[in-house]
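A short worksheet on the structure shown next.
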Protein chains: 2
Amino acid sequence: MIDAGAFAPLYKEVKRLLTASIAKGEWQAGAVLPSETRLAQRFSVSIGTLRKAIDEMVVERIVVRHQGRGTFVASHSANRLMFHFFHVVRRGDRAREVPETKTLAFRRARAEPAEAAMLHVAVGEPVYRVRNLLSLAGRPTILDDLVLPQALYPDLTEKIFTQRDNTIYHLYQSRYGINVLRASERLSAALAGADAAKLLGLKKGAPLLEISRVALSYHNAPVELRRSLVDTREHEYLSDFGGTGIVQ
Amino acid sequence: MIDAGAFAPLYKEVKRLLTASIAKGEWQAGAVLPSETRLAQRFSVSIGTLRKAIDEMVVERIVVRHQGRGTFVASHSANRLMFHFFHVVRRGDRAREVPETKTLAFRRARAEPAEAAMLHVAVGEPVYRVRNLLSLAGRPTILDDLVLPQALYPDLTEKIFTQRDNTIYHLYQSRYGINVLRASERLSAALAGADAAKLLGLKKGAPLLEISRVALSYHNAPVELRRSLVDTREHEYLSDFGGTGIVQ
DNA sequence: TAGTGGTCTAGACCACCTG
DNA sequence: AGGTGGTCTAGACCACTAC
């Protein structure tokens, strides 16, 4: 037993320990975990209990199971995961297009009070501010403003950021060991200012969808803020709830 | 055994049969199911297999478990479920307010092609069109336009609709046995037309959040369309994904 | 062929709720 | 006290993957 006097069920404890090991980097993203039999031995629990712990970690996308191959730490490299955090689709047929990203600005700055609260850091903490313009089907459609705590991404530079050969979240994962698991978003309607209008090829006062996202890693630790302004003339934001991903 | 030659796992088959029984009305919303022991006997499976079937039904909100009391068909009467489909919260503190609903129109009409496709009915099928104005903190904030197939709500009248003493989804459930489990939404930004501006107390051309929802019941059958126009000056739309509801 | 995860069983004990 | 769901065990067998 491992229970250590906690009042939580054994499988929750196992899940907590496994998640902590992954967060610590004992297994990198994409790496295979020991087999269920071995993990059960390691934690001195039955296979059933170990499986129940991993069941929840699968639902939370911390790990992925492949029958016959093993259980792997979830990775952003797969295409499926790339679109897991990209909810803007083409109007009508809901097609998902790969966005073309252009970085307009990369600056070092200090966290504003509101940002600091959402990032769980002190006011004035060093941050990066990044502005990206995303094009869909060749047309500028989304204007993204990112805020990242410098402490989490120590040696990040504009060159590293722009010369990545994959998604932004994959860069966080492969270079800094930061895995984005969840995102919490708040949406509202806004009017295009002079800035956004010019960049998105709109008239000032055109309607835009504004999305404020907090990206979260293990234990719900915030690792990025992102405000998106979306031109929804040809695109929409998809939201499914009550849904589970379980195929009937 | 029950497997009946299907290639699906036993627990999926059990889940399918249980869900079908609920959809058929063998147990009404809020009713208690037989105990796990009895259900396991009924389907000639072990408790473990029966529990795995119910586990998934819990995730899909088809049933709710209460330790020591039993397993119940999910019901809309609970306050928690009411807010499960209401994602508009107060800006800043994200407080959930109970909306005050006023029905502005209730008409019988025919399904337009786009509506018919989304509702899985024939073009021209009889529908109800309902327009509601929702106020939050005493101020008109959301303009809802609903489309319901008349076939699903046979004797519905404006009087029945407006004199319900609970949520709209609870009316569907208690009077017509229709349980809304999921909703699929598409969001975009729009400008207030003369109509919406007047009703929401805005200037024409003010930015609005437009939400198109399809409400789904068992086996993903569509049971309602709803277009919402939201004044997001004081409110926001919340969206969490990658999340699971599992408390760490 | 060996090893992996996926399913299924049969039972024990506990925590909780209702009478 | 009796019944409910919640946890945990210890195994068996199957389906899939890699070598």
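Chain letters run A, B, ... following the sequence lines, proteins first and then strands; every chain starts at 1. Values in this document were obtained by computation on a predicted structure and should not be read as measured data. As a basis for the values below, the full set of heavy atoms in this structure was taken, side chains included, without hydrogen atoms, waters or symmetry mates.
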- Message: Can you see if the side chain of B:Thr49 gets near the phosphate of C:dT9 - specifically, an N or O under 4.0 Å from OP1 or OP2?
- Response: yes

- Task: For the pair A:Arg227 and A:Glu115, find out whether any cationic side-chain nitrogen is under 4.0 Å from an anionic carboxylate oxygen.
- Result: no

- Whole-Å distance, A:Ile47 CD1 to C:dG5 C1', equals 10 Å

- Query: Going by an N to O cut-off under 4.0 Å, is there a salt bridge joining A:Arg65 and A:Asp55?
  - Reply: yes

- Task: Would you kindly give the NZ-to-P distance between A:Lys52 and C:dT7, to the nearest whole Å?
- Result: 16 Å

- Task: Could you state the atom-to-atom distance from CG of A:Leu10 to P of C:dA15 in whole Å?
- Result: 13 Å

- Task: Check the distance between C:dT9's C1' and B:Gln41's CD and give it to me in whole angstrom.
- Result: 15 Å

- Task: Keeping the roles fixed (side chain from B:Arg96, backbone from B:Phe86), state whether a donor-acceptor pair exists under 3.5 Å.
- Result: yes

- Task: Rounded off to whole Å, could you give me the NZ-to-P distance for the B:Lys12 and D:dC14 pair?
- Result: 22 Å

- note: A:Asp55, atom CG; D:dG6, atom C1'; distance rounded to Å ~ 15 Å

- Which residues share a ring-ring contact (aromatic ring centres under 6.0 Å, His included) with A:Tyr218, sequence neighbours left out: none

Nucleotide N/O to protein N/O under 3.5 Å, stretch nucleotides 2-5 of chain D:
residue : atom : partner : partner atom : Å
D:dG3   : N2   : B:Gly68 : O            : 3.1
D:dT4   : OP1  : B:Arg38 : NH2          : 2.8
D:dT4   : O2   : B:Gly68 : N            : 3.3
D:dG5   : OP1  : B:Thr71 : N            : 3.4
D:dG5   : OP1  : B:Thr71 : OG1          : 3.2
D:dG5   : OP2  : B:Glu36 : N            : 2.8
D:dG5   : N2   : B:Gln67 : NE2          : 3.1

- May I have the distance from B:Tyr11 (atom OH) to D:dC14 (atom C1'), rounded to whole angstrom? 14 Å

- Query: A:Tyr176 pairs by side chain to side chain contact (heavy atoms under 4.5 Å, CB included) with which of A:Asp155, A:Leu152, A:Leu148?
  - Reply: A:Asp155

- Message: Does A:Glu26, at its CD atom, have more than 12 non-hydrogen atoms belonging to other residues, nucleotides or ligands within less than 6.0 Å?
- Response: yes

